[in-house]
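Atoms considered below: every heavy atom in the structure, side chains included; atoms not considered: hydrogens, waters and symmetry mates. As the structure lists them, so they are numbered: ligands from 1, and atoms in each ligand from 1. Position 1 is the first residue of the sequence, and the numbers go up from there.
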Amino acid sequence: MPLSRFPVVVATPRHAGLSATLDYLSEQPLAAGTLLRVPLGKRIVSGIVWRRALSEPSDEAQLRPVHAVIGALPPLGDAWMQLVEFAAGYYQRGVGELALSVLPPELRRLDDTQLLRRMARLRQGIAADAPLTAPPPLNAEQAAAWATLQAAADDDGTPTLLQGVTGSGKTELYLRSAQRCLDSGRQVLMLVPEINLTPQLEARLAERFGAHRLVSLHSGLTPAQRLRHWLLAHTGAADVVLGTRLAIFASLPRLGLVVVDEEHDPSFKQQEGARYSARDLAVYRGWLQQRPVLLGSATPSLESWAHAEAGRYRRLRLKQRVGGGELPDVRLLDMGRLPSPGGGVAPALAPPLLQAIEARIARGEQSLLLLNRRGYAPVLFCSACGWKSECAHCSAWRVFHKADRTLRCHHCGFTERVPRACPDCGNLDISPIGRGTEKLAEQMGELLPGARVARIDADSTRARGALERQLTAVHTGEVDVLVGTQMVAKGHDFRGITLVAAVNPDTALFASDFRAAERLFALLMQAGGRAGRDAAQSARAEMWIQTWHPRHPLYAALRRHDFDAFATSQMAERRAAGLPPFASLALLRAEARDVESAAAFLREATELAHGLGLGDAVRLYAPVPPVVSRVANVERLQMLVESASRKALQQALASWLPLLQELRPKHRGVLRWAVDVDPLAI
Ligand code: ADP
Ligand code: ZN
Ligand code: ZN
């Protein structure tokens, strides 16, 4: 039997210096997309027969035969491979590295026989569906938007931005679009920022389409579940995939629609490895396969908003809440004009806000207090010698957690019991400064005797099932006052909440990151959207903002629920400063044992770039430390690369980054380097 050669991508990082595809020999013909095991050096690694050769053919003499073919798995599709190829190029990673890393890990572990057995059991244990619920009739606004969606051809890759206030019925339009897609025999991919936070959506999909047609894909699944769900989608047995960012790489042979809910949410950007934006890849995937993409948000990302303004995206608006409920009345509480407290320390909540909460409790309504800082206090302080609870391994304070009396570093995890006395001078009087959710909840208990106070944040929800239990307690009315971080601001359909208060939002107004204002506005709009979801109570719904800057334009726009005014002013600032969406950015990060090593590496990288003549196409800034420069004893430096043109930036990175790999042996102190294309924060 003659041996033929096939281009294969393998699971090695691009910086290993291997070609993008390697040739392997096989007697049997191998379809593109077939999963394999192949020898690489002394190891056996996973590989995929690729859709085309991406490198020069390997030397005939060095060719080795395939080790094993995982024939149990139907080959991956061409569109899937194109998506991976694009993402690898755009985010500057190896094709094989990305391709294998986005498959369920079990696919790399199981042999052909084991996989065959899993495939045979795929449909076992799927319960019969409860009767499906019929869709509600649309209101006038929804109907108008739906008419436009229906008029668009189902092979039109132009994305649609569905800009609708919280509770305006966006999800209902996703469901209608999904129904239309299913009716045409195609699959739906629906991306959400975090599945755990929106169990209601999964339930709504199951009610409408039947649980047996639906699978979820997210990092909370066990490896076996993830494989099973992925296979159901890949084999076409599941029609609807609901997932987090990693689901953008789901294999969907009959993809007909991509929905991205809360498209502005930062969690769509992967923060390690290939730092892809699932939202942006969704748009690409729609374009690639000529399928509709629906991006929904009350506060779109400025990128998507700008595309809609420019007419590159279709835009649909929903301005009213379903059922005529009103958006909460936004009240700015001017902290600078409060009578100064007797004791000197400002209270957690200003008296008028406290009274408003008391009135809610008296009426049996709920209040939500938003504070984006977990723990009891952000730092412990010794008034005698000035000691602060610094982390020994990071340039950050360790946070005081009162419940288990620990000092915990939120960056490296370093945890110790709270010292009885100051470690430096022995002073017994060390005290917490500032306030986190734990302290706020404690203070609410004191200020509102008899009130049932609950707290939801990353600490309170660590145990399995804890979040569900806590959310249920809120939904069933066992809680009067809920204290929480941004976790509680997103998505929840709380019916009993009529007051939302942002306790200390000002810090984000003056943060150094250029997206801080955008994020704050989105968070506050979202949080406000938790109030008055029950139309009968919405007239009384209020959102309170405790601020020292009541005249800030961000708050002025928030008061009017006017996202477009906010976006317009942000766009003017971005344009003036040459920031996205008016420029394309990448961050080159270096991590080293000492700052000097990282700096030397980035210096030489800069010289290389200038040597290549990249200085005309892109602007290279001087390296700077990120906000927290040292984490777990590793020093970090980052360098901004900017260009007015996305394409110029892409080309520059593609020619420059491969050279950096060769610098590594000269810079032994550098532990890691990586590039982040379209970084969320700089
Ligand atoms: P959004 O996604 O914009 O926050 P939803 O689609 O979740 O809004 O709608 C908010 C609430 O209104 C949900 O409880 C939903 O079931 C309900 N709803 C949406 N559309 C309609 C409709 N046309 N008729 C009746 N109820 C609706
Ligand atoms: Zn001291
Ligand atoms: Zn630390």
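Within the structure, the closest approach of Arg321 to ligand 1 does not fall below 4.0 Å when heavy atoms are considered. Residue-ligand proximity: Gly164 is placed with every non-hydrogen atom at 4.0 Å or more from ligand 1.
In terms of polar-atom proximity, defined here as any N/O pair under 3.5 Å, Thr166 makes no such contact with ligand 1. Where the criterion is an N or O separation shorter than 3.5 Å, residue side chain and backbone included, Pro136 fails it with respect to ligand 1. Where the criterion is an N or O separation shorter than 3.5 Å, residue side chain and backbone included, Val322 fails it with respect to ligand 1.
Taking the six-membered ring where the residue is Trp, His393 and Phe414 present perpendicular rings, their angle passing 60° and hence far from 30°. In this structure, Phe563 and Phe521 have tilted ring planes: the angle between them lies in the 30° to 60° band.
In terms of modelled atom types and a separation under 3.5 Å, the side chain of Asp457 and the main chain of Thr485 share no donor-acceptor contact. Looking only at distances, a side-chain donor or acceptor of Arg515 sits under 3.5 Å from a matching main-chain atom of Leu680. A donor-acceptor distance shorter than 3.5 angstrom exists from the side chain of Lys170 to the backbone of Gly164, with no hydrogens or angles considered.
Remark: Arg672 engages Glu591 in a salt bridge (charged side-chain N to carboxylate O under 4.0 Å, His left out) (not counting sequence neighbours). Scored by the ring pair (Phe, Tyr, Trp, His ring centres under 6.0 Å) test, His411 finds no partners at all (sequence neighbours excluded).
Contacts with ligand 1 closer than 4.0 Å are made by no heavy atom of Ala298, backbone or side chain. With a 4.0 Å cut-off on non-hydrogen atoms, Leu318 does not touch ligand 1 at all. Of the heavy atoms in Asn139, only backbone atoms (N, CA, C, O) come closer than 4.0 Å to ligand 1.
For Arg559, the CZ atom counts as loosely surrounded, since its 6.0 Å shell holds 12 or fewer non-hydrogen atoms of other residues, nucleotides or ligands.
With waters neither drawn nor counted, the protein N/O/S atoms under 2.8 Å from the Zn ion (ligand 3) amount to 4.
Counting only distances under 2.8 Å, and ignoring water, the protein N, O or S atoms around the Zn ion (ligand 2) are Cys382 SG, Cys385 SG, Cys422 SG, Cys425 SG.
Note on Arg593 versus Glu635: no salt bridge recorded, every NZ/NE/NH1/NH2 to OD/OE distance being 4.0 Å or above. At a threshold of 4.0 Å, the pair Arg398-Glu416 counts as salt-bridged, since one of the basic side-chain nitrogens sits closer than that to a carboxylate oxygen.
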